[in-house]
Amino acid sequence: MRYFVRRIGFLLFTAWAALTINFILPHMMPGNPAQVMLAKFQGRLSPQALSALTEAFGLNMDKSLFMQYIDYWKRIFTGDFGISLTYYPSRVIDVLAESVPWTIGLVGCATIIAFTLGTLLGIFSAWRRNSALADALVPVALFFNSIPYFWLSLLFLYLFAYYLGWFPLAGGYNIYTMATGFALLPSIIHHGVLPLSTIVITALGGWMLTMRNNMISVRADDYVAFAHAKGLPDREIKYRYAARNAILPSITGFSMSLGFVIGGSLLTEVVFSYPGLGYILYQAVTSLDYPLMQAIFLFISLGVLIANFFTDMIYALLDPRVRDGGV
Amino acid sequence: MRKLSFILSNKKAVVGGCVLLFLVLVAIFAPVIAPYGPNETRFFPSLPPSREHLLGTTSLGQDIFSQVVWGTRLTLTVGLVTGSICAFISTTIGLVAGYFGGWVDEVLSLITNVFLVLPGLPLMIIIAAYITVQSVVPIIVVISITGWAWGARVLRSQMLTLKSRDYVKAAIVAGEPPLRIIFVEILPNMLGLIVANFFGAALYAVLSEAGLEFLGLGNVNAVTWGTILYWAQNNQAMLLGQAQWMVVPGLLIAILGMSFALLNFAVDEMTNPRLRR
Amino acid sequence: AAETPKRGGTVRIAGQWGTITNNFNPFLASGQNAPGTRSALYEPLIFVSVLTGETTPVLAVSYEWKDNLTLVVETREGVTWSDGAPFSAHDVAFTFNYMKEHPALDLSGIWANGLSTVTALDDRTVEFKFESPNTPLFQYIAHTLIVPKHIWEEVDDPSAFTNSDPVVTGPFVVGRFTSQAVTYQRRDDYWVEGRPYVDQVVYQATRSNDSALLLLLHKEIDYSYLSIPDPERAFVARDPQHNHYWWPVTNSNILYLNMSKAPFSDTAFRLAMAYAINKAPLSEKAYYGVVPVAHPTGIIPGQQETWLDPSLADITYDYNPDKAREILAEAGYTWDSSGALVEPSGDKIPALRILVGAGWTDFISMAQLISEDLKAVGVTMVIEQEPWNSYINSLMGGTYDTAICWGTGGGPTPYDLYYRTLASEFAGLDGGQADSNYSRFSSAVVDEALATYRASSDEQEQWAAIAAIQREVLTQVPYIPLTYRTDFNCYQDAVLIGWPTEDNPYSGGNPGDELGARFMLLELHQR
Amino acid sequence: MLPVNSIAMQAHEQQASPESVLEVHGLTKEFVIGRWGRKRIVRAVSDFSLTLRRREVVALVGESGSGKTTVARVIGRLYAPTAGTIRINGEAVPAKMNRRELLAFRRKVQMIFQDPYASLNPLHSVGYTISRPLRIHNLAQGDDLKARVREILERCELKPADLFINKLPHELSGGQRQRVGIARALAVGPELILADEPTSMLDVSIRLDIMNLMLDLKDEEGISYLFITHDLAGAHYMADRIAIMYASYLVELGPSDDVINEPLHPYTELLKSAAPKPESGLKPEEISTNYDIPDLTNLPPGCPFAPRCPLAEPKCKVVVPPLLEVKPGHYTRCILHHNI
Amino acid sequence: MSVLLRVENLNAGYVQKDQRIIAARDINLEVAQGEFLGLAGESGCGKTTLAYAITGLLERPGEVFSGRVEFNGEDLLSKSPQEMRQIRWKEMSIVMQASMNVLNPVMRVRHQFYDMMRAHLGHNDTQHYDSRVLEMFRMVGIAPEYLDAYPHQLSGGMKQRVVIAMALALRPKLVILDEPTTALDVVIQRSILQQIDKLRRELGFSIIMITHDLSLLVEIADSIAVMYAGSIVERAAAEELYNEPLHPYTYGLMNSFPPLVGRRKRMHGIPGHPPDLSGLGPGCSFAPRCPRVIKGLCEIAAPPLEEVTPNRYAACQLYRDAGSRTTG
Ligand SMILES: Nc1ncnc2c1ncn2[C@@H]1O[C@H](COP(=O)(O)OP(=O)(O)OP(=O)(O)O)[C@@H](O)[C@H]1O
Ligand SMILES: Nc1ncnc2c1ncn2[C@@H]1O[C@H](COP(=O)(O)OP(=O)(O)OP(=O)(O)O)[C@@H](O)[C@H]1O
Ligand SMILES: [Mg+2]
Ligand SMILES: [Mg+2]
């Protein structure tokens, strides 16, 4: 219980810090969204439109930074992030509602697959240590772990989608199909395979190596030796004793790495024209769309934080020592 | 001597070290190795690989091979400098938090955790967007800001372990002043971890730099592997049969990253006796 | 050609819209509403082609300047809104007055530039009255999309109105909407007999140019407005029979010189720069020769025949570094031992910056070439890349040295370009923002000529005014046009034909979701 | 018999032995554990008073967690005391010391640590380790320094000194390392050495060597020891007096032979019966097997040993008894012995 | 009493870079049914290695190089890992050196018992398990509510008892205790040993107890084997060993424990320190420290463990007759 309270405290503080950074950063950016918008039309709009845009965007009211900060908090609590400027006059919430599920789906699946697969490989390579195959996995994992996400995405895009034509070139599902709901799933999966696999491939190695190292450490632990002494079957020792303990540090790493993965996936999304947050963020940043930018960053931070919180809870569930406030 | 032979007996360290050394040499001798200047645009554009242009030319008429060779310089610099900055910040924060404990620790740990949780790339994208880019310095700064926290966390817990070692107590009893204890008694024993942390941060830096450059948020004018990729992508290298323009720098990033990762891993193995065989 | 075109089929268009918003409000700037709003749904009074200056009536059948202060437009009969209500001149008057009521809708600044009243004289006639003469405003009036009065008069906050079930006069109505694609269905009761030929139009959002190009190459789409560095090799060469691009020149890329700063405040320096830059390689290297070198006046080819003053034809600013040095030497500039240029005052000229948008490959390529060229006259240029927002901020705020940017205005005559880029009212002379005259150039001759042009609808008079401005541009060199700037229509005609081309530029070169594209949607039909 | 409280006892002892090196009085040390909101206080040492004479060895014996190490560390100024006073050579050690005072203090009081593997920095040579205190305290420079280091090493039977001077800890055996630890403590010429279980991690065959070395140094250099151990036999071998600790309290203190042969406190009794002593017959006596480790954050009222004590009476559970002198020089904290 | 365990000429140790470190050398040992054998020796002399070699737990880089281990009439070394797993714990169990840490920290004690029983009893009758476990808990004196505790909720002594309960749960014939009490307080240590001994008498299993505390062994073991540098140097009944140690090392060891009661007198341990097992010479490995070393003999030939007097064995040149010395 105490552990829970402490995690909540940390969650709140971090959320506050993230939100405040999130508020401050855009305000340090030079320029004015109306100007940016105007310039984007490259002469197709009259310069007088500036005042129209300024009015439309509600940029003409002068408020102290502090008051804006207060407003900002009000907006967060009411869930009203205002109107997006790039997608003016859509509400930020609606823009997010369109893209967030895609990112969550992509990153969530990719992370879970990468984590599971990596962890299993890690268990394998630690348990079979000194065998040629298990040891060869290490440099391979290190290599995949060092590949830039977006580069792999590009190679996959051109190879598998463009030249071989095995997978679609862009988008999250087939836009011509009339299917909805679950019937859309095959199409969604078909479109998701490439982006997903690039994330999985580049993230897999990290999990594998973490698990491998943990596993090797745990293997030398006395309770594993004791489990052998007790005559338990090898499988049981491997999973119930060694892996069960070795996975604990991975779980901490898991929650910490979510930020990384989401970050990396943004680039992947852009390459595959995947309808997630990646491109929206990029666009929001380049068009000084404060409300959208803030909401996205807020969303990602909160998402990571909440995921963090849950992994911490899972950790506590898996490790009774943590639950009791030890360690 | 013993240490050296120990390092040499670790295959990962040897491979990682050799690759890194090779790239460092390439960076240092770039003017000698590269047949042309990186920004010379006097060649026929979009040539395929040939004897004069080992990797062909860009659509601007630059020699890709020369660019790659010159790009080694900045890429390595970004990686190593950022790695050093991150390692420095992590070490300082980790050491201070761990050694002094109390509220200093509470505050620093909290900040560290916040930075750990904040999503790195989005933060970088936002920061990078308002830094007006003149050189690679902002990139280094941006990556450093988001890249130090992991190391600080690891080093702090290492500090906590080392701090409670009896030899530290013995040094206090002998009358050693605190700074000397931190730097002469404790720090050298953490060196492995700091080095591993440095390589880890360098890997992060190289990948992040490439990512930012790819989005066009870096200094696209500087010649780094990241910007070469950017240009290749923007000129449809893959479609125009110039795959080498795209593949080579990406592969080099992966290889450089891997040399960092190998060294990180190897140092980890060396400092953690359990991982040794 | 006499065959009747086949009916049916789908026009598939992709663009870098990211996410399509469920918003069909035609008052919003394009990109903020769903693609297609401005081409498939709503219609303007008259379409004015930037390329040719020709006008094509749409909801209007004719127009007439009574004097330079009164414009009378006759609207079309037999047009119905998609909900069945008849279209009339009252809708037109409503649309304009509605914009007056809600200034945030007036993106072309019609009401701020002299318009005083708009009234429907009867069901078919609308009268526009002006306080001060401003004939060039016609273009903006003509291009205003007309909305149904009976729907919009109920809308209180039109800029926040998403209009998700639009009632339109155009050839299509909204079919299916998702954030990744929006589909428009053909209207059976459309006022143009037998059009459109196709049954539907699909606009698909991609998140990079690359995706759109790959889709086009795979023939998964028919059209994209796509800037590709080397369209010949990257696109056409993949299927020369079907892949085509039509990139009509609509604007110029210009090197702006910040005249509020030394050394650009010195005409001799600017002049020398104009000679020192070799423009042919810019076109070849930055645009693979697809986009030609710009005319030194900035006037685009389609308008040159009408508007160029032949007496100025010998001022060409062809590449001539020796001439550049000569001009500088004459003006008192010297070179130090290292060959760097020194001002007449004895100060060494510091490294000058060329501002470009971060990651704009064509501009960066040009900047690189320019900086190489200027070395020859002892000037060091460094390329400064800034992201969108700060790039614009620097341009408007006047903190840059030189910058590559497009001409900030464009229209059926050179007036629009000159007005935006040279009028002192946009130069931020009071030290404030320069809204569009980034060079911060100010000339009484130009301002006067612009006013003359505005107040007139007489072609002779207008021609003389433009000629006066041309002379100023060529002698004062407030900016240096580098290459032209084109629109980027790319398409494949394996399925559909009837595309606008160089020979038949009926769409005015507009992107696929702009007013001109409406004609394209009406023309396209299956092979 | 006079019931004296601990203050009186100290006054008494102080008069009896003006030659005291260390006087500790009413020493209490509390640790705060846990963070935020769930802080608890561990009282590791409660009301600890002891006087150590020159060339005297007092052994501090007690079960694990009873506070022995904490006593040594508070005296050695690794921890600041929560309450109580410490005097060295009759002079009070101030609560806050500046660097000069601290150095002066360290010259008089040194420590030896339990784990010879952890108490030497693995990266520093033996020579460096020994020479540091000499340098810090400005006791020798240059060639003199080398000579002094050699001398000290040889004093600790690390011969030939030149062989050892450049060795790193991992090249030494456990016994040799512990000698280096002793040599380091010896370098500044201290008057008091706090030895925290210096032999418990060593091989049995080597323990005696180390104990003998310490005894020799005591005689020759006039050093006093606070010798911490959990081995009663070892304490008996080394010490002039034995102090027994239980659950942060000093429960018995007296001359070694008295404490071993006629233990007063029931806990000492228990300790004795548990210790192997083949010399008094090979069949060991049965000991009671019910026990609970006392929780220092939450001691029950009264005598801390009462829950385990076979002789406990209801009154034992009311207040913590004072440490009283029951026989000359033999103190105990047990009510049963306080009643005449 | 019949012999339960017989170890013959066992050599076991570790392979490091193609070099063999023999940590248990030419071991010959017999344990009778119900016997309490003490195995004493200094740190690193190979006690644990021997215990692991007997139980088949020696893992890479550890290896049994040669010899024979006969348990209950069966040759253990020729058994497959599968068969060994069955024998281990059911027939012979081992309480490992670090038994404070041998419990899986994330599993309830109950399930650790279940796992072990399921692996050996072949069924999954938890009720049956429970009755057995509770019986064991009673025997080692732990309250039944701790069955559902996690290891970290137990004190060190309790963990130790749980492990002992686990070792006895399947009624093995032999229990090996590898320094079961070193980390514990003397009082706790004594009480645990007391309980084990009581159980032994009740249940009749044999015990091999490994420790470096000879004085403790002398008090509780029936017979004692003393190891030095990988070899058993002396073996005798506890009382005889205490009263008259034969091997100079045993003698020195006896003299390293100061007596608790009686007069204080200066004692001397054994000078020098134990050798490094990887660099052993051909001679008696104790020779460099031996006060009674026979120059020119001890350094050359390692003496075998031989019966000196009935049921007393020693490996020392001092107790060999002249004839065998020269041939040895
Ligand atoms: N730095 C510390 N912070 C918190 N609690 C501490 C600290 N040091 C010691 N304690 C607690 O104080 C009590 C006494 O510890 P101490 O180490 O002095 O015992 P000890 O008698 O030396 O035990 P051992 O025989 O195990 O060495 C223990 O309960 C311990 O948990
Ligand atoms: N995995 C290993 N690899 C190489 N050598 C080892 C290994 N494990 C033990 N040894 C060596 O084998 C020898 C015997 O070790 P063992 O653990 O059997 O000693 P022990 O008598 O049980 O000591 P202790 O009392 O410290 O437990 C030691 O010298 C040790 O260094
Ligand atoms: Mg202690
Ligand atoms: Mg052992």
Item to check | N-O pairing of E:Arg110 and E:Asp130 below 4.0 Å | outcome: yes
Item to check | Side-chain ion pair, E:Arg68 and E:Glu70, N-O less than 4.0 Å | outcome: yes
Next on the checklist: Looking at E:Phe36, I'd like to know if the NZ or CZ of E:Arg200 sits under 6.0 Å from its six-membered ring centre while staying within 45 degrees of the ring's axis.
Outcome noted: no
Checklist entry - So which of E:Pro81, E:Pro151, E:Ser93, E:Pro105 has the biggest tally of heavy-atom pairs under 4.5 Å with chain A? => result E:Pro105
Checklist entry - E:Val163, E:Asn101, E:Asn104: which one forms the most heavy-atom pairs within less than 4.5 Å of chain A? => result E:Asn104
Next on the checklist: Is the ring pair E:Tyr129/E:Tyr114 parallel, tilted or perpendicular, if the boundaries are 30 and 60 degrees?
Outcome noted: tilted
Proximity breakdown for [X] and chain A, heavy-atom pairs closer than 4.5 Å:
X: E:Leu57; value: side chain
X: E:Met84; value: neither
X: E:Gln82; value: neither

Checklist entry - Aromatic ring centroids of A:Phe226 and E:Trp89 under 6.0 Å? => result yes
Item to check | Engaged part of A:Ala225 at the chain E interface, taking heavy atoms whose separation is under 4.5 Å | outcome: both
